[in-house]
Amino acid sequence: MSDWMTLLEVAGPLAAFGGGAAYTRARHPGVYWSTVGLPLSTVRLLGSYSSGMEACGLTVQPSRLRAFAVKATTRREIRPVPPRRGIIRPTSTGLRLRLRLAPGQEPADVAASAERLRHAWGVHAVYVKDVKPGVVELRLVGFDVLCDVRMPRKAGGGHLKVPVALREDATAFVRDYRAVPHQLTLGATLSGKSMYLRHLVTGLARQPVALVGIDCKRGVELAPFAARLSALATDPEQAAELLPVLIKEMEDRYDLIKTRQGISPGTPAEDITSDIWGLPEGERPVPVVLFVDEVAELFLVATKKDEERRDEMVTQLIRLAQLGRAAGIYLEVCGQRFGAELGKGATMLRAQLTGRVCHRVNDEASAKMALGDIAPEAVMAACAIAPERPGLAVAGDTSGGWSRIRTPYLSLGDAARICRESAYLTPELAALEPFRPELPAGHVVTPPPVVRPVPITD
């Protein structure tokens, strides 16, 4: 009887601990990783590092000097040596360590063995990053960080840089308009495309940037941000009037650059290689970001007159995409589908959009429109996005690299509040003043106080 009591006393706490660990792993993976997963994975890594690297074919024969020293001191068998391992650095989502590759090895060799190392060390994923010649960094992720998105504290924001989503390797996906001036974002209904757009608008609302919107759904997507918008067009007719104004603004900025550099006014704009960032800060025009929601509405026509208007708008968008970067005008084009079937100029416009973000789409052809010409292997990843995970997307650019990202949740009310609080940052552009959206009655734009008022006490 006493043996049974002793067994129950030992098994009871162990069962409770195992059940609690399983519940924590399912409901709170970050807590489970910090308390249980991190120590276990570290022990596995240290205990199986040499054998795991040898099984993956990442070991090399030791140098003659090392082989001679081993024979002279230990008389052991000379075995291949793995890459030299650096210090293991734990993080809130995984581990990081650097490897110094042996002569003849390359980062692609380690990347090809990432899946094997993931199983050997008991982590969710292993990612390889080339740090410098001969050195790579392994980023081990302990759990699926895209299940419950939590942006890192140091997201790497800045001027015209917006941390908009989380990558699958637990790093922030930063939308950098200086590096990737124009972008195409595709996604079906309820795929999270609007959430992605909200983060972009709210991230730029806190910066000295002019925000311009074209929302042909009567403004239902961009109208809540009217307090921070410098211009808003809610139908194709208004868009046809707004785009020529942006073209004129772009040409005026090129004239300013040519005047500052002493170039003759007759020089074509295409021959100017500089941009507004070379101007003095006091003379530099404010950057302009143009959001085009549901771009297909600009291409659809019903009559011959609409077709002429469509051709003009498409030509103006192409000009902005080709020449707008140097003038500080950037495009953010969103839609559900975007391809040659939209009509003349669609493929040419898409070719000018460097960045690509593809949310869940309804067919493979839509994924190919977004990613097929830059990263064909990312098309299947975009098609595999489940409807139960809104906000999940595949991001790529013309360099061929791509990664899975997911945008954190941001309610429309919070996004509108941020825009109202940042309304005092809206720049004054005389050319866009006729298109300035009307604010609700009683709305007053006031800058935040520099000094907090002293509370009144009894």
Side-chain angles (χ1 to χ4, degrees), residues 24-42 45 86-98 121 123-131 136-180 183 192 195-209 228 355 357 389-395 397 401-419 421-422 425 448 452:
T24 305
R25 184 175 187 177
R27 297 293 183 179
H28 307 283
V31 177
Y32 174 83
W33 168 256
S34 301
T35 56
V36 180
L38 177 60
L40 288 179
S41 297
T42 303
L45 193 155
I87 300 175
I88 299 177
R89 295 180 174 87
T91 65
S92 59
T93 57
L95 295 170
R96 289 189 304 168
L97 70 152
R98 291 190 175 185
W121 296 336
V123 293
H124 178 74
V126 175
Y127 300 96
V128 181
K129 178 182 178 182
D130 188 4
V131 179
V136 297
E137 181 181 73
L138 296 185
R139 181 180 291 270
L140 282 64
V141 180
F143 56 94
D144 187 5
V145 296
L146 300 184
C147 183
D148 183 16
V149 179
R150 297 180 181 274
M151 295 294 290
R153 295 179 180 178
K154 297 181 180 180
H159 186 48
L160 289 176
K161 296 181 180 180
V162 182
V164 69
L166 185 68
R167 296 181 186 268
E168 57 184 346
D169 61 353
T171 60
F173 174 73
V174 181
R175 176 73 174 94
D176 188 355
Y177 286 90
R178 295 286 299 275
V180 182
Q183 182 170 274
M195 196 72 62
Y196 182 88
L197 186 62
R198 290 176 196 172
H199 280 273
L200 281 179
V201 173
T202 54
L204 292 171
R206 301 183 178 97
Q207 304 181 19
V209 179
R228 185 57 182 83
V357 174
R389 305 192 76 177
L392 189 64
V394 176
D397 54 43
W402 63 277
S403 62
R404 294 181 181 87
I405 64 172
R406 193 177 188 187
T407 310
Y409 176 76
L410 176 64
S411 67
L412 183 59
D414 291 339
R417 175 184 53 82
I418 294 174
C419 290
E421 295 174 352
S422 306
L425 293 174
R452 294 183 179 179

### Interatomic spacing from CZ in Arg139 to CG in Leu95 - rounded to 0.5 Å
11.0 Å
### Query
Does some side-chain heavy atom of Leu200 sit less than 4.5 Å from a side-chain heavy atom of Tyr177?
yes
### Query
Say you draw a straight line from NZ of Lys161 to CG of Leu204; how long is it, rounded to the nearest 0.5 Å?
13.5 Å
### Query
Can you find a pair of side-chain heavy atoms, one from Val357 and one from Gln183, that are under 4.5 Å apart?
yes
### Query
How many angstroms lie between CH2 in Trp121 and CG in Leu138, if you round to the nearest 0.5 Å?
5.5 Å
### Query
What residue among Leu140, Val36, Val123 forms side-chain contact (heavy atoms from CB on, under 4.5 Å) with Ser41?
Val123
### Message
Is it the case that the side chain of Gln207 and the backbone of Gly158 share a donor-acceptor pair, with hydrogens and angles ignored and the cut-off at 3.5 Å?
### Response
yes
Could you tabulate the donor-acceptor pairs under 3.5 Å formed by side-chain atoms of residues 404-411, not counting sequence neighbours?
| residue | atom | partner | partner atom | Å |
| --- | --- | --- | --- | --- |
| Arg404 | NH1 | Glu168 | OE1 | 3.3 |
| Arg406 | NE | Pro390 | O | 3.1 |
| Arg406 | NH1 | Leu146 | O | 2.7 |
| Arg406 | NH1 | Cys147 | O | 3.2 |
| Arg406 | NH2 | Pro390 | O | 3.2 |
| Ser411 | OG | Asp414 | N | 3.2 |
| Ser411 | OG | Asp414 | OD2 | 3.0 |

### Message
Would you say that Val209 contacts His159 through its side chain, given a criterion of any heavy-atom pair below 4.5 Å between the two side chains?
### Response
yes
### Message
Are there over 12 heavy-atom neighbours, none belonging to Arg150, within less than 6.0 Å of that residue's CZ?
### Response
no
### Query
How would you list, by chain and number, every residue that makes a side chain to side chain contact (heavy atoms under 4.5 Å, CB included) with Arg206, sequence neighbours excluded?
Ile418, Ser422
### Query
Can you name the closest pair of heavy atoms from Arg228 and Ala205 and give their distance?
NE-O, 2.9 Å
#### Entry: Main-chain N/O of Arg198 paired to Thr202 side chain as donor or acceptor, under 3.5 Å
yes
### Message
Would you compute the distance between atom NZ of Lys129 and atom CZ of Arg96 and round it to the nearest 0.5 angstrom?
### Response
8.5 Å
### Task
May I ask you to establish whether Arg175 and Phe173 are in a cation-pi arrangement, using a distance under 6.0 Å from NZ or CZ to the six-membered ring centre and at most 45° from the ring axis?
no
### Step-by-step side-chain contact (heavy atoms from CB on, under 4.5 Å) determination, Trp33 to Thr93
CA-CA 7 Å; Trp33 168 256; Thr93 57; 5.8 Å; no
#### Entry: Distance (rounded to the nearest 0.5 Å) between Ile88 CD1 and Thr42 OG1
6.0 Å
## Note on the structure
Looking only at heavy atoms, the pair that brings Arg389 and Asp144 closest together is NH2-OD2, 3.3 Å
